[in-house]
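Right, one structure below, let's go through it.
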Amino acid sequence: MNLDKNYDPVKYEPKIYQNWIDGGAFKSTNKSSEYFSIVLPPPNANASLHLGHNLTVAVEDISARYNRMQGRDTVFIPGADHAGFETWVVYESKLNKEGKTRFDFTNKQLYDQVWDFVASNQQTMLNQLKKMGISADWDRFTYTLDQKVVNQVHNTFKKMWQDGLVYRGERLVNYCTFHGTSFSDIEVVYENQAGKLWYLKYPLKDSQDFIVVATTRPETILGDTAVAVNPKDKKYLSLIGKTVVLPITNREIPILSDPMVESDFGTGAVKITPAHDINDYDLAERHNLPMISVINKQGIMDGDIPVQYLGLSVSEAREKIINDLEKLNLVEKIEDYSNRVGYCYKCHTVIQPLLSKQWFVKMKPLADAAINQLEQSRINFYPSSKLNQSIEYLKNIRDWNISRQIAWGIPIPAFQNKLDENDWIFDERVNQDELTINGKTYLRDQDVFDTWFSSGQWPYTLLDYPDGESFKKFYPLSLMETGGEILYQWVCRMIILGIYITGEIPFKNVYIHGYVLADDGSKMSKSVGNVVDPIPLIDKYGSDAVRIGLIIGRTAGVNRGFDIRKIEEGRNFANKLWNIARFIKSKTDETFSYDDNPNPTSPQDRWVLSKLGEISKTVSELLENYRYSEAFDAIYSFTWNDFADWYIESSKTQLNVSVLSYCFSNILRIVHPFAPFISEAIWGNLNWQKGEFLATSSWPEFKFSEVADNDFQTIINLTTEIRFVKATLGAETKLNLESNNPLINKQLDTLTSLSKLSTAKEGAGGSGLKLHSADNVWINLSASEIKNFINSLKKQKQDQLATIRNLEARLQNKSYLEKAPAHLVVETKNDLATHKFNLEELDKQLDSF
RNA sequence: GGGUGAUUAGCUCAGUUGGCUAGAGCGCCUGUUUUACACACAGGAUGUCGGGGGUUCGAGUCCCUCAUCACCCACCA
């Protein structure tokens, strides 16, 4: 079969992927006790993949394919995430478009509807993963709502329940009044907002005096339960312990001291509203203050407050209260002020800190165990800076609110006594809304788990903890790879939960990739409209090209703009491979049989084989250290600059098919993790090793180092010199070479071809331009031709002189001779000798004219 | 406020434990359709490695400092 002039990825990729799957190429082999295990961070089943996903797949798949070829028993487990809140938001807006709301349905109905909605969209995402070339075992595919995941989540919750690590408490939570659910701390985004700072006068009891407090939220005055000052603040010392009569409600509240208060902000006195501010809440806990809720979950003024404020929105209440206070002459002043406001990361509604009954996980003991493991460096982080960032996060961690008031997610397996709100029981029969136990009726909690509570258990859940064969073999995972934005949400929680449940770290290495930014360096975002969809790119340039384009020049943890030129570079490389294949194919026929033990006969054979061995070793060392870009760079430049530009070119005069095919076969192996589709396409077309996928073949061994010699390097240097002569004198110049050098004499044909010589012959030489890259080789130029070359020689001479001066200065430095490592000094001396020799040769050339 | 990273050729970026003449791709200039490849081939130009200081025989690399940018964490009422 003839190959087209250019590689057309669309023609090959889908078929190759299907062949891999049909042939079981990505299955665990059980052939080795060494393993490599990795799981795909499950993408949202309901959404399309973006370039960041493609980068994730690229990085993970390179490692998976490389390790598979190394003979390690390899699993790459794919999955999809129900993405609780994310998907819920999409579905709820779909409902709204249809003129319906969540209140038109029961939670059970909603759950079923979203299930179908996701199921019908999920295939898109899965097909996209396949287009990206992911070498995953699809039989192990897991969805975060699969029964085994639900079971594990329930078991974990039960264990925490029994260990006293989970509690139900009325705590201050971040609450989105639009979506009607609470959030964890890290789901709130803060932004600067221009606002006001109101200075309010609070009358002291039995006195004409006031204490002035500054606030950005005057409406919360209705829920104040104290005024706080710094204990060291002299101007308020006498007031500590006094009582304030809260304006409007006339409630009496204490003035107390707490180091949290900063004397130099505002007036140095703070109103304390525990039910609606996280710092105030903490302070109230310390001082045992009552907590009075005045805003409800709809963002409406509610509770035990004066009737005129009931039912007002927060902003209406703010206006009215300021108005009322001004009438009472209790507003001292108003300043413009820019403060940080928390917003819902989805709908940008202002987050209300509200007291709410939620399930919490006590994080301190769990985090301590994780910190302990991290501080022992049990997990390698790439980049390493992420290790300390993680430890810092774990040290400051707060209790985790794991309940969400939405329908879409894993139900919390807890039931509450209908007659006793403090009587909760654990029960996994979450398909029932009501249980009767010992004559008591229990109602199921309608909340679901935070998505991260289930995805945080991904590693051991996927591997069928505790009894699964997979768990025994593949845990801890070899590598966890993901984006930096979910280091805390996901990676840290996996570490915490993995250690808690299994007693062992969940993975040995963490690789964090940076963002794929837009080409101008800004963040890609749907609302800005600068998102690049990888799928059209894959269709246009090929999956391999996109993969290569994403990893070139990328290092762990560093954000970088998307650059189409890198994709083009990837495509060009794929096409280069393709054309090397075409060339080799033209030199072989049906009778050709591949030999894994080639027979080197020429200097170029030995040269290319020893280089290949080095490259195989280099790439594998770099990949073992997750240096993807450098690894690709190494095989790229060997393939292009050494193999194609020198070895193939010299093959045109001295063909050794056994070495040629051997090298290319091994290049394909090394290239495979970076360019799986085209390497497999060529492998199949060449049909040298019948019945075996490249994907399941083995990584080249380092051999042929013993055959290295420098003879071909001399030919390369000589060729480069002659080409330069020719380029300097003009391409039409006829160059005739005469050699009195035995090595060169054997390579005259090759040299003629590579250097575009008119003639090359053995002879005594001695006239014309003496070349310096090899001994006793001349170009028979006339005196007038050489004249045109003299300037170039003079420049070369200046370069040589500069280098020689540099080296001599170094060798005259006593400290250098004494303190630098001996081998460097020797190298310097050798360099000096070489350059001096070059200078002499140049002088001879110049003298000869 | 705290932290992390970045600043290297016109552009996008590499450059592990300090080691000599700092690299890649694209772009640019000159030439070429030469037995696979113009998604190519050959040759060439381009960098006071952000500024300043220090350690060292030697600094893009280590330390200090300043500047600019990005991100993360906390959040001051």
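Just so it is clear, the model here is predicted, and its values are computed rather than measured. Per chain, numbering begins at 1; letters A, B, ... match sequence-line order.
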[N] OP1/OP2 closer than 4.0 Å to side-chain N/O of [X]:
| X | N | result |
| --- | --- | --- |
| Lys585(A) | C37(B) | no |
| Arg554(A) | G25(B) | no |
| Lys5(A) | A38(B) | yes |
| Trp640(A) | C37(B) | no |
| Lys523(A) | C72(B) | yes |
| Tyr337(A) | A77(B) | yes |

Set out, line by line, the N/O atom pairs under 3.5 Å between protein and nucleotides 42-49 of chain B.
from	atom 1	to	atom 2	distance (Å)
A42(B)	O3'	Arg723(A)	NH1	3.4

Look at the side chain of [X] and decide which nucleotide, out of [options], has an atom nearest to it.
| X | options | value |
| --- | --- | --- |
| Lys576(A) | C37(B), U21(B), G19(B) | C37(B) |
| Asn6(A) | U16(B), C57(B), C39(B) | C39(B) |
| Asn579(A) | G15(B), A36(B), C57(B) | A36(B) |
| Ala731(A) | A36(B), C57(B), G31(B) | G31(B) |
| Lys819(A) | C26(B), C71(B), C57(B) | C57(B) |
| Val270(A) | A77(B), C57(B), C72(B) | A77(B) |

*At under 4.0 Å between heavy atoms, which parts of nucleotides 2-8 of chain B does protein reach? Answer with one letter per nucleotide, 5' to 3': B base, S sugar-phosphate only, - none.*
--S----

_Heavy-atom pair of closest approach, residues Val532(A) and Met524(A)_ =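 Closest approach of Val532(A) to Met524(A): N-SD, 3.5 Å.
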
d([atom1], [X]; [atom2], [N]) in whole Å:
| X | N | atom1 | atom2 | result |
| --- | --- | --- | --- | --- |
| Glu818(A) | U56(B) | CD | P | 15 Å |
| Leu622(A) | G15(B) | CG | C1' | 12 Å |
| Asp563(A) | U12(B) | CG | C1' | 5 Å |
| Asn625(A) | U17(B) | CG | P | 13 Å |
| Leu660(A) | U35(B) | CG | C1' | 13 Å |
| Ile580(A) | A40(B) | CD1 | P | 12 Å |
| Glu569(A) | A40(B) | CD | P | 10 Å |
| Phe573(A) | G25(B) | CZ | P | 12 Å |

*Which value, rounded to the nearest 0.5 Å, describes the distance between Phe632(A) atom CZ and Ile548(A) atom CD1?*
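With rounding to 0.5 Å, CZ (Phe632(A)) is 4.0 Å from CD1 (Ile548(A)).
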
Pairing partner (Watson-Crick or G-U wobble, both distances under 3.5 angstrom) of [N]:
| N | answer |
| --- | --- |
| A45(B) | none |
| U21(B) | none |
| C69(B) | G5(B) |
| U34(B) | none |

*Give me the ring orientation class for Phe643(A) and Tyr647(A): parallel if the planes are under 30° apart, tilted from 30 to 60°, perpendicular past 60°.*
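Parallel.
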
_Can you classify the ring geometry of Tyr7(A) versus Trp578(A) as parallel (below 30°), tilted (30 to 60°) or perpendicular (above 60°)?_
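Because their plane-to-plane angle lies in the 30° to 60° range, the rings of Tyr7(A) and Trp578(A) count as tilted.
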
*Nearest-nucleotide wise, let me know which of His835(A) and Glu649(A) is further upstream toward the 5' end of RNA chain B.*
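First, find each residue's nearest nucleotide; the 5'-ward one identifies His835(A).
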
*Do Tyr382(A) and Tyr628(A) have ring centroids that are under 6.0 Å from one another?*
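Distance test on ring centres: not under 6.0 Å, no.
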
